[in-house]
Amino acid sequence: AGIEPPYVLVGQSYGGVLIREFLRVHTKSKVAGVVIVDSWREPNPLPSGWFSLMGGVELNVVLGLDLNHAFSAEEYQKVKEDEERNEAMFGVEEGFVARSMEMVNDGLPVGFQAMGDGRLSVVFGNRSMDFRKVLEFGVANGYGTEEVRDSLAKRLETMERVDAESQRDHLGLSSQSRFVYAQGKAMTHNVHYVAPELIRDEVF
């Protein structure tokens, strides 16, 4: 795009790994600030078979994103087209997530202030809210086995705490960092869908 550094990098979910890799490779000389949105340092898988709790219904529908997103109709259509187009590549890349996280973490260990005093915001979206909806949807509609429901219910007992602790580990990248808890409708892994203004404010 011809935009000169330094940059403010924004990454959600696995995008948080990608922007940390950019920081690792290019160092703070090219990075003025970072906003990491609901992204972990380590693989954080869900119980096997959780997808069956949706009974074939799209996740966007179960989570209410089709109704509660903040995009225009045209923008949301483009988002959904992007998701569909990228689905095959996502399937390929998913197998490399664990190794890529390991490589980034080796170069940016916990507590290493790779950004110096550059500004860092870590936005905690709290995906446990999403998976409570998935569990409730499955139970209400009779989807999934009892074993799958019980496994997800057990996982939800600690998901918020474990996820928050994992994401707090990013704070050591800078001496000028802040941890932001999403509130209300923004409490979702998909905070960028429903409350993009929260991310915008952290960029500013």
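Since the structure is predicted, the reported quantities are computational estimates derived from the model, not experimental observations.
Atom CG of Asp117 sits about 11.5 Å away from atom OG of Ser177, to the nearest 0.5 Å. Going from atom CG of Leu23 over to atom CE of Met115 covers 6.5 Å, rounded to the nearest 0.5 Å. Within the model, atoms CG of Leu198 and CD of Gln183 stand 9.5 Å from one another, a figure rounded to the nearest 0.5 Å. Atom-to-atom distance recorded for Glu84:CD and Asn86:CG is 10.0 Å, nearest 0.5 angstrom. For the atom pair CZ (Phe137) and CE (Met54), the distance works out to 8.5 Å, reported to the nearest 0.5 Å. One distance of note links CD1 of Ile36 with OG of Ser121; it measures 9.5 Å at 0.5 Å rounding.
Between Glu197 and Arg200, no side-chain nitrogen of the basic residue sits less than 4.0 Å from a carboxylate oxygen of the acidic one, so the salt-bridge criterion is not met. A salt bridge does not link Lys30 with Glu4: none of the charged nitrogens is closer than 4.0 Å to a carboxylate oxygen. The pair Glu74-Lys78 fails the salt-bridge criterion, with no side-chain N (NZ, NE, NH1 or NH2) lying under 4.0 Å from an Asp/Glu carboxylate O. Classification of Glu202 and Arg178 as a salt-bridged pair holds, one side-chain N sitting under 4.0 Å from a carboxylate O. Using a 4.0 Å cut-off between charged side-chain N and carboxylate O, Glu157 and Lys154 make a salt bridge.
The aromatic rings of Tyr76 and Phe71 sit parallel to each other, their planes meeting at less than 30°, with 60° as the upper class boundary. Ring planes of Phe124 and Tyr181: perpendicular class, angle over 60° (limits at 30 and 60°).
Of all heavy-atom pairs spanning Met159 and Ser128, the tightest one is SD-CA, 3.4 Å. Across every non-hydrogen atom of Ala70 and Val194, the tightest pair is CB-O, 4.0 Å. Residues Tyr14 and Ser100 approach most closely at OH-OG, 2.8 Å, considering heavy atoms.
Residues Leu173 and Val34 have side chains not in contact (no heavy-atom distance under 4.5 Å, counting atoms from C-beta outward). With contacts defined as side-chain heavy-atom distances shorter than 4.5 Å, the pair Leu53/Val62 does not qualify. Within the 4.5 Å cutoff, the side chain of Leu171 has heavy atoms near those of the Val122 side chain. You'll find the side chain of Val35 stays beyond 4.5 Å of the side chain of Leu9, heavy atoms only. In this structure, the side chains of Val25 and Arg20 stay at 4.5 Å or more apart for every pair of heavy atoms. For the pair Arg41 and Glu102, the minimum side-chain heavy-atom distance is 4.5 Å or more. Between Met101 and Pro43 the shortest side-chain heavy-atom distance falls below 4.5 Å. Counting only heavy atoms from C-beta outward, the side chains of Pro47 and Leu152 approach each other to under 4.5 Å.
With no hydrogens or angles considered, no side-chain donor-acceptor pair links Asp163 and Asn126 at under 3.5 Å. Thr188 and Asp130 share a side-chain donor-acceptor pair at under 3.5 Å. In this structure, a donor-acceptor pair under 3.5 Å is absent between the side chains of Tyr193 and Asn60.
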Subject >> Step-by-step side-chain hydrogen bond (donor to acceptor under 3.5 Å, both in side chains) determination, Asp38 to His189 >> reply: CA-CA 6 Å; Asp38 221 44; His189 185 59; 2.6 Å; yes
**OP:** Under the side-chain contact (heavy atoms from CB on, under 4.5 Å) rule, what do Arg149 and Val139 come out as? Steps first, then yes or no, please.
**Re:** CA-CA 8 Å; Arg149 296 177 196 172; Val139 171; 3.9 Å; yes
**OP:** Apply side-chain contact (heavy atoms from CB on, under 4.5 Å) to Asn190 and His69, showing your working.
**Re:** CA-CA 9 Å; Asn190 302 283; His69 66 80; over 6 Å; no
**OP:** Apply the test side-chain contact (heavy atoms from CB on, under 4.5 Å) to residues Phe96 and Met103: give CA-CA distance (whole Å), side-chain angles for both, the deciding distance (0.1 Å), then the verdict.
**Re:** CA-CA 11 Å; Phe96 296 94; Met103 292 172 67; over 6 Å; no
Subject >> Test log, rule side-chain contact (heavy atoms from CB on, under 4.5 Å), inputs Ser151 and Trp50 >> reply: CA-CA 8 Å; Ser151 294; Trp50 71 268; over 6 Å; no
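A 6.0 Å sphere centred on CD of Glu81 holds more than 12 heavy atoms belonging to other residues, nucleotides or ligands. Remark: Glu83 CD is packed, more than 12 non-hydrogen atoms of other residues, nucleotides or ligands lying under 6.0 Å away. Within 6.0 Å of atom CZ in Arg119, 12 or fewer heavy atoms from other residues, nucleotides or ligands are found, so the atom counts as exposed in its surroundings. By the 6.0 Å contact criterion, CD on Glu147 is open, its count of non-hydrogen atoms from other residues, nucleotides or ligands being 12 or less.
Hydrophobic clustering (ILVMFWY, side-chain heavy atoms < 4.5 Å, transitive): Met129 and Val37 are in distinct clusters. Under a hydrophobic-cluster definition in which Ile, Leu, Val, Met, Phe, Trp and Tyr are linked whenever side-chain heavy atoms come within less than 4.5 Å, directly or via other members, Leu135 and Tyr143 are assigned to the same cluster.
Judged by the 6.0 Å and 45° rule, Arg168 forms a cation-pi pair with Phe179.
Looking at Ser29, its side chain does come within 3.5 Å of a backbone N or O of His26 through a donor-acceptor pair.
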